[in-house]
Amino acid sequence: MTTDLYCVMGHPVAHSRSPWLHARFAEITGQQLHYDKRDIAPGDFARSVRAFIEEGGRGCNITVPFKFEAAELATHASARSVLAQASNTLTFKNGQILADNTDGIGLVADIERNADLPLKGLRLLLIGAGGAAAGVLGPLLQASPAHLSVANRTLHKASELVARHQALAAQHNTVLEAHNLHALNEAFDVIINATATSLSGAGVPVDARVLQPGALAYDMMYGPGAQGFMDWARAHGAVPRDGLGMLVEQAAESFLLWRGVRPPSGQLLSELRAVIAGGH
Ligand code: ATR
């Protein structure tokens, strides 16, 4: 029997935790597969995907900076990947390239299951309107919050993102609005940082008045990059959470798409935190 091949493609990809996660998922669920990482030169993405399919690849995860190209390369795309205009999961089947996006459903699973906070009826603030924010807005709306504000430094990008999602918001009875980052005067139950500020060390992009006492303050980054945001949230009476759980949950959802089995992601999140704390 041949072993099914998967990989993560990105640039850079050296520090990706995906091979570790998928190897553990496979072990725990008794699946036979091999998952590695491939650093792809900018401009070489489409050729690399086709070469991987030739090698017998069954699917791959896509990370920065290729998520948009991945969505464009697909022959079929899921509704959530069309709304996001980006894909983090490709599946290769019968000569087709199927694109999906599990980032948003991974974020919602981490908040609702791992942090035990159902989003239905809550007031949410999504900060940022780039690729990371676009990847999660649809699934956040599907969790039926009462209100969701998208705030961005450049207002027109938030307005475009909101316009694209307005029909979905109406289906879930969610009031969806776009705001300028510096014109926010309300407080929220959950705030989610989807800007690139943690990566660049630019500091927290909003005023602390957006935090309801005890609010969940979520940074989609993890590791040292997220620390400034986490410290800020704690200092202002919020409950900080980094994006490690989202990483594990989006991987578990990709594994489910490929293998038809959802691995025990909560257990894996604890394991991965221990691995990272141990300096590995
Ligand atoms: P990604 O794919 O990580 O989302 P992106 O598409 O380049 O990357 O988007 C980056 C996001 O971070 C944008 O929302 C950007 O705001 P602008 O649209 O105004 O550029 C936001 N961002 C980056 N640096 C920022 C800063 N210093 N303060 C506030 N927002 C910032």
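Just so you know, ligand 1 is whichever comes first in the structure, and atom 1 is the first atom listed for that ligand.
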Mind telling me whether His22 and Phe25 have parallel, tilted or perpendicular rings, with 30° and 60° as the class edges?
-> perpendicular
Asp242 and Arg273 ion-paired at < 4.0 Å = yes
One finds that the ligand 1 atoms under 4.0 Å from a non-hydrogen atom of Ala132 are 1 (P), 2 (O), 4 (O)
According to the interplanar angle, ranging from 0 to 90°, do the rings of Phe188 and His147 count as parallel (below 30°), tilted (30 to 60°) or perpendicular (above 60°)?
-> tilted
Nearest option to atom 20 (O) of ligand 1, as decided by whichever heavy atom of Met221, Arg153, Met220, Lys67 sits closest = Arg153
Between CD of Gln212 and CZ of Arg123, what distance do you get to the nearest 0.5 Å?
-> 7.5 Å
Leu181 to ligand 1, any heavy atom closer than 4.0 Å | yes
Is it the case that Arg259 and Tyr6 place a side-chain donor and acceptor less than 3.5 Å from each other?
-> yes
Exercise: do Thr102 and Asn88 side chains pair donor with acceptor under 3.5 Å = yes
Any N or O on Thr195 sitting closer than 3.5 Å to an N or O of ligand 1?
-> no
N or O contact, Gly131 vs ligand 1, cut-off under 3.5 Å = yes
Distance-only side-chain donor-acceptor flag, Asn61 / Ser18, under 3.5 Å | no
Near Lys157, which atoms of ligand 1 are under 4.0 Å from a heavy atom of that residue?
-> 17 (P), 18 (O), 20 (O)
When you look for heavy atoms under 4.0 Å from ligand 1, do you find them on the side chain of Thr154, its backbone, both, or neither?
-> both
Going by distance only, is there an N or O of Ala129 that falls short of 3.5 Å from an N or O of ligand 1?
-> yes
For Gly128, the ligand 1 atoms with a heavy-atom partner under 4.0 Å come out as 14 (O)
